[in-house]
Amino acid sequence: MKKILSATVVICLIFASCKNSKDGNAEMDRFIDDLMSKMTLEEKIGQLNLPTIGFDITGPVLSKDVEQKIEEGLTGGVFNTFTPQAMLKLQEIAITKTRLKIPLLFGYDVIHGHKTIFPIPLGLSASWDTALIRSTARAAALEASADGLNWVFSPMVDIARDPRWGRVSEGAGEDAFLGSAVARAMVEGYQDGCLRKNTSVMACVKHFALYGAAEAGRDYNTVDMSEVKMYNEYLPPYKAAIDAGVGSLMASFNTVNGIPATCNTRLLTDLLRRQWNFKGVVVSDYTAIAELENHGLGNRQEVSALSINAGTDMDMVSEYYLTQLPALVREGKVKESVIDIACRRILEAKYKLGLFDDPYRGVSQERADKEIMSADKLALSKEAAIKSMVLLKNNGVLPLSKDKKILFTGPLADDHRNLIGNWSGAGDSKKSVSLWEALLKERTYMYAKGCNLTDDKTLIDKLNPHDGQIVPDDKTPQELLQEAVKMARSADVVVAVLGEPFGMGGEAASRSNIGLLENQKTLLAELKKTGKPIVLVLMNSRPLTLEWEDKNMDAILETWYSGTMAGEAIKDVLFGNAEPEGRLTITFPRNTGQIPIYYSYLNTGRPDDENQKYTSKYLDCPNTPLYPFGYGLSYTQFEISPVTLSDTTLAENGSLEATVTLTNKGTRRGTETVQLYIRDLTGSISRPVKELKGFEKVTLEPNESRQITFTVTPEILKFYNASLQYTVEQGDFNIYIGNSSATENKTAFTYKP
Ligand code: GLC
């Protein structure tokens, strides 16, 4: 009877704390009030301290004496460590040796999987499959929580329209609507509706805010943007994560309109707390509080006060809170009530995670062994990889047939480390499957490395100290090239697997030139001279400038870094065992000069017109991108009928239906992502020429047709006007339904309230 009773009590506790029911919060408030009444000022400030400890390095400096600080009650959590052993050891110190036995948070950058690595987020977003994306976050949470973690610094939702910025790889591309859908899915996957479950982890939406708009695509650089643009185009994904219940948020390194996000009261208090009612924890980015001195905001005392008063609760690594806040409070420069609010938020997070009941959250090596890289997660990784790939060009050379003589070449054809990309610290690249390995499971093809990943010594010297693992081949570049060209001459078709070393993407990895590396271009040019059909398979962090490749290759398959099962997935797509179904979530420019370039641009007063001199255009390049947002090919051909509307007038509380018929006109099954865009033709501010407002993935057999209907309501027409009111205005709208943002398949309606 006792056993049943205790189980019932636990279930009620979980229900109460999960459902945020009134009595659940009242119970939590009572518990935390009681705990905080016992805490000294130093212990409260200790909860605001987040040092790095363990085997991963994700910033410029490392924390010291962490175990001692844990024992002294001067640490609220740690990050960059995992495994059951590490967590059990450190948590035991916290709950047995400290005065108040407050458990620790254990955080880590679980960005696209924990041990089972999925495609980089930019790739995952190209699946346009929110259920799949949610599943990958759920799988990551199962592995991470089994490995002792209870906090993940994900999802990164920064809208980015400048592929020079290496961190475009970590987000969901350029669009607020799609980015919001991905943000929701990731938070739901990680938190699973209830943080108290020991298979849930607290998510952390980042980097707040506008980090992806860094000037010149240079990491950490200045961001300056009108609030209208901010609210309409960059803030929605953060808000979506908050509305999905994200438990924490990370402030970004950059300034926003002159004030660093870390101490930006408008962002962290006025917007986040007062307008959006965010109740979770705000953590700084790595040493960002200390870096306020570099921003010129004052000395360490002054920047510590600015940051805590603006609303940054937790100090990642700089330890300025630990060293400066006690005196600031005693000198009356910071109110103790401000410390109390920050401390309470962190204790609430721990309470919601159930850490006061079960600090170890049922972690054990057995559970980790069962969860980590389980067959179902590996299968999910392969499925995600397949669905993330984008076929950019195909003149019919794909899918390949197995009876052809095929040369596989390129430094990434038989590579393991780059497959799992950046931010895969817990991943084991030795367990990733290279394309060549996957091929060899079936039969032998021809293989020649063709070239090194790069011959640029300066680049190698920059990347290798940070796990770059770029090891030039024993053969000279000339020998590698000659060997590949000689083999190509006897092949029916060549598959060149090229791209960026993974260290050219992610943090502190901006590029001023985003083409293929020179030695790889040389390989392609020499292979082209053989006259053989060439399939270019890309592995990269960002959109690349591919004008020459687009002209000269017979097919181009964008695979991003597609994770642990990349090789199997790429093989299946190349040979047609799986269909490519990815669609771009970020524009591919023709050249760097076009940047920033994105589909939802404003028309300007002199829209591009090649017959008119005085219009908005370049003398040396079209305005259009090489590949637009939403673009991707299939192995089959789809046709989308003209758009029909249930009505041409939309009333204030009404809705209308926009319908097309999608038909598979080809000979193979295929999946299309049907996309709905609107254009507000007249507004109180200039409105974009297109805005994504809906999408649906549809799989059809050959000759199969299906009606796709989108419901249009006044809600989806809303935008922030010049006074930042979220509103819809009367007037005419175009509605587009097509297979990319370049579609001109449109009709019109009027909104008449
Ligand atoms: C890094 C990144 C951030 C990451 C954090 C902890 O500097 O900006 O995305 O979560 O530090 O590793």
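Heavy atoms only: backbone and side chains are in, while hydrogens, waters and symmetry mates are out. Whatever order the structure lists them in is the order used to number ligands and atoms, beginning at 1. Numbering of residues begins at 1 and proceeds along the displayed sequence.
- Considering backbone and side-chain atoms alike, Trp423 places every N or O at 3.5 Å or more from each N or O of ligand 1.
- Residue-ligand proximity: Glu170 is placed with every non-hydrogen atom at 4.0 Å or more from ligand 1.
- Checked by distance only, ligand 1 and Tyr211 stay at 3.5 Å or farther apart across all their nitrogen or oxygen atoms.
- Set against the non-hydrogen atoms of Phe153, the atoms of ligand 1 under 4.0 Å away are 10 (O).
- By the 3.5 Å distance cut-off applied to N or O atoms, Asn80 is not counted among the residues near ligand 1.
- Under the 6.0 Å distance and 45° angle rule, Arg138 does not count as a cation-pi partner of Tyr190.
- With Ser248 as the partner, the side chain to side chain contact (heavy atoms under 4.5 Å, CB included) test is satisfied by one option alone out of Lys206, Met202, Arg345: Met202.
- The existence of a salt bridge linking Lys69 and Glu319 is confirmed by a sub-4.0 Å separation between a basic side-chain nitrogen and an acidic carboxylate oxygen.
- Close approach of ligand 1 to Lys206 is summarised as follows: ligand atoms under 4.0 Å from at least one heavy atom of the residue are 3 (C), 4 (C), 9 (O), 10 (O).
- Looking at Asp109 next to ligand 1, an N or O pair under 3.5 Å apart turns up.
- Across Phe153, Phe82, Trp151, Phe79, a single residue satisfies ring-ring contact (aromatic ring centres under 6.0 Å, His included) together with Tyr108, and that is Phe82.
- Applying the 4.0 Å criterion to heavy atoms of Phe253 picks out, from ligand 1, the atoms 7 (O), 8 (O).
- Within the listing of ligand 1, atoms 1 (C), 6 (C), 7 (O), 11 (O), 12 (O) sit less than 4.0 angstrom from a heavy atom of Thr58.
- The shortest separation from a heavy atom of Tyr108 to ligand 1 is not under 4.0 Å, leaving the residue out of contact.
- Here is the list of ligand 1 atoms found below 4.0 Å of a heavy atom in Tyr286: 7 (O), 11 (O).
- Residues forming a side chain to side chain donor-acceptor pair (under 3.5 Å) with Tyr211 (at least two apart in sequence, or on another chain): Arg167, Asp219.
- For Glu507, a nitrogen or oxygen atom sits less than 3.5 Å from a nitrogen or oxygen atom of ligand 1, counting backbone and side chain alike.
- Screening Tyr220, Phe208, Tyr286 against Phe253 for a ring-ring contact (aromatic ring centres under 6.0 Å, His included) leaves a single residue, Tyr220.
- Taking the side chain as every heavy atom from C-beta outward, Ile339 and Val334 approach each other to under 4.5 Å.
- Near Met250, meaning under 4.0 Å from one of its heavy atoms, ligand 1 places the atoms 3 (C), 10 (O).
- A cation-pi arrangement is absent between Arg273 and Phe278, since the terminal nitrogen or guanidinium carbon is not both under 6.0 Å from the aromatic centre and inside a 45° cone about the axis.
- Using a 4.0 Å cut-off between charged side-chain N and carboxylate O, Glu188 and Arg134 make a salt bridge.
- Residue His207 approaches ligand 1 through these ligand atoms, each under 4.0 Å from one of its heavy atoms: 3 (C), 8 (O), 9 (O).
- Under a 4.0 angstrom heavy-atom cut-off, Met156 registers as lying outside contact with ligand 1.
- No donor-acceptor contact under 3.5 angstrom links the side chains of Thr454 and Asp456, judged on distance only.
- Contact annotation for Asp285 and ligand 1: only side-chain heavy atoms (C-beta onward) come within less than 4.0 Å of the ligand.
- Residue pairs meeting the salt bridge (charged side-chain N to carboxylate O under 4.0 Å, His left out) criterion with at least one partner in residues 118-131, sequence neighbours excluded, are Asp129-Lys387.
- Proximity to Met316 (heavy-atom distance under 4.0 Å) selects the following atoms of ligand 1: 5 (C), 6 (C).
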